[in-house]
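Since the structure comes first, as structure tokens, the remarks are kept for the end.
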Protein chains: 2
Amino acid sequence: MATIEKSTGEGPAAAGKAGREHGVSYRDLWSRPGYLVRRLHQIHVGLFAEECADKDLTPVQFAMLSVLYGVQGLDQFSLSTSVGVDRTSGADVIKRLVRRGLLARERSETDRRANIVRITPAGRTFVDQMRPAMERAQNRLIEPLSEGERDLFLEMIRKMVEANNSASRAPMG
Amino acid sequence: MATIEKSTGEGPAAAGKAGREHGVSYRDLWSRPGYLVRRLHQIHVGLFAEECADKDLTPVQFAMLSVLYGVQGLDQFSLSTSVGVDRTSGADVIKRLVRRGLLARERSETDRRANIVRITPAGRTFVDQMRPAMERAQNRLIEPLSEGERDLFLEMIRKMVEANNSASRAPMG
DNA sequence: CAAAAAAAGGACGCATACTCCCTAAAACAA
DNA sequence: TTGTTTTAGGGAGTATGCGTCCTTTTTTTG
């Protein structure tokens with residue numbers, strides 16, 4: 001694999017549960033919460049892609065469709081905010097979904113700055129068909145946890161998201 | 001904000017803790033583990049950027065420097081694997097760090113396919129200076145949790161990452 | 001009412017994180 | 001040794017997720 005051997009415990013094998021030697025020092029990657037969260041996010045994207053293989057839709061795209069499913073229409077900013085992405089990122093996602101015919105976009109009559117986005121009948125059908133695959137991906141992510149741990153995990157992660165909401169570039173609510 | 005009102009509970013306000021009406025149905029975004037993980041990852045990137053404002057380094061870049069800090073040298077693939085990113089993503093990150101003089105790269109003598117990557121003295125200094133900021137970002141992420149919850153959270157997230165490791169495009173170990 | 005502030009969106013650029021396809025080099029097998 | 005397969009890396013293309021600068025439109029304020 002490598003021509004030169006690894007000498008430290010930064011790898012997963014050497015890391016394990018007891019990575020912090022002195023207090024809270026985050027010496028190796030597996031003791032850094034942010035690192036683990038990034039890895040878990042990667043994994044969820046992977047699981048989602050696996051379950052939705054033929055559909056070719058991403059988690060964020062599905063989240064947008066989910067929000068619009070139960071709404072008459074939303075401007076791009078509100079839509080982006082409610083799925084928790086940046087305004088400019090959201091605009092890109094919307095553009096692709098419009099191109100695929102899953103969303104429709106029109107200039108607002110009452111506020112000519114705003115684009116009103118709606119889900120199309122095709123988009124609605126798509127959501128109906130994809131929901132089981134999405135749920136399988138969600139379940140596989142937390143499957144390694146016990147029943148009790150799953151609720152606990154959701155509680156804790158919600159607490160962190162709510163408390164640090166303003167730190168994100170796409171604060172919600 | 002919007003010209004048309006939101007009618008459903010997909011938003012954060014209506015969501016809360018009791019989002020699942022029938023069994024495990026993930027009806028609203030705040031009940032979807034994958035969604036919450038994506039948000040938490042966003043937040044960590046935001047916190048990291050905030051703490052390291054003047055340094056202009058990302059979490060993945062710092063992870064790479066961290067790994068190379070304790071190692072003689074690594075080929076690009078091994079380096080990417082040990083920080084948990086895809087081979088091609090890793091190559092891009094390395095390219096930027098080389099451009100900034102924090103890493104050095106040379107063709108291996110023993111295997112002329114491989115690029116051996118090393119941290120430069122400047123990179124080493126950089127890591128030393130940045131570590132406190134990185135640790136502040138890590139601490140702020142889990143600060144909303146109680147002392148006991150923090151260890152529990154790390155346990156659980158490690159369990160999920162290890163069990164689903166192969167689902168990611170950048171499996172480790 | 002006119003000037004200023006705010007808000008929505010577009011356009012461009014950067015960084016992560018993949019895909020697929022390609023070349024070159026090494027390892028392995030017949 | 002001669003093929004075949006594996007491995008390392010590069011290049012092109014796509015998607016998220018941000019920043020910044022800019023225009024247009026609306027709202028607010030003096």
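Quick note on labels: first sequence line is chain A, next is B, and so on, each numbered from 1.
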- Quick one: the side chain of A/R87 and the base of C/dG10, do they pair up donor-acceptor inside 3.5 Å? yes
Give the rounded distance in Å between these two atoms: [atom1] of [X] and [atom2] of [N].
X	N	atom1	atom2	answer
A/E109	D/dT26	CD	P	11 Å
A/L57	C/dT19	CG	P	17 Å
B/K55	C/dA15	NZ	C1'	20 Å
B/D92	C/dG13	CG	P	18 Å
B/D86	D/dG9	CG	P	12 Å
B/R100	C/dC14	CZ	P	14 Å
B/I43	D/dG17	CD1	P	13 Å
A/R39	C/dA17	CZ	P	10 Å

Counting only side-chain heavy atoms from C-beta out, which of [options] sits nearest to [X]?
X	options	value
A/D75	C/dG9, D/dA8, D/dA15	C/dG9
A/R113	D/dG9, D/dT24, D/dC18	D/dT24
A/Q76	C/dG9, D/dC18, D/dG9	C/dG9
B/A114	C/dA15, D/dA8, C/dA8	D/dA8
B/T88	C/dA11, D/dG9, C/dC18	C/dC18
A/S89	D/dT25, D/dG17, C/dG9	D/dG17
A/D111	D/dT26, D/dG17, C/dG9	D/dT26
A/V60	D/dG17, C/dG9, C/dA17	D/dG17
B/A91	D/dC18, D/dT25, D/dG10	D/dG10

Using OP1 and OP2 only, check whether a side-chain N or O of [X] sits under 4.0 Å from [N].
X	N	result
A/R105	C/dG10	yes
B/R112	C/dA26	yes
B/Q42	D/dC18	yes

- Message: Out of the candidates A/L74, A/L57, A/V117, A/L79, only one should pair with A/M64 under the side chain to side chain contact (heavy atoms under 4.5 Å, CB included) rule; please name it.
- Response: A/L79
- Working to the nearest 0.5 Å, report the span between OG of B/S82 and CG of A/L29. 7.5 Å
- Query: Taking atom CZ of A/R124 as the centre, does the number of heavy atoms from other residues, nucleotides or ligands within less than 6.0 Å exceed 12?
  - Reply: yes
- Are A/V45 and A/M130 grouped together when hydrophobic residues (ILVMFWY) are joined by side-chain heavy atoms under 4.5 angstrom apart? no
Using a cut-off of 4.0 Å on non-hydrogen atoms, how would the nucleic acid contact of [X] be classed: base, sugar-phosphate, or nothing?
X	answer
A/T58	sugar-phosphate
B/V45	nothing
A/R99	sugar-phosphate

- Would you say A/E149's side chain and A/S146's backbone share a donor-acceptor pair under 3.5 angstrom? yes
- Query: Is a side-chain N or O of B/Q61 found less than 3.5 angstrom from the main chain of B/T58, in a donor-acceptor match?
  - Reply: yes
- Note on the structure: Result for 5'-nearest mapping on DNA chain D, choosing between A/D56 and B/K95, is B/K95
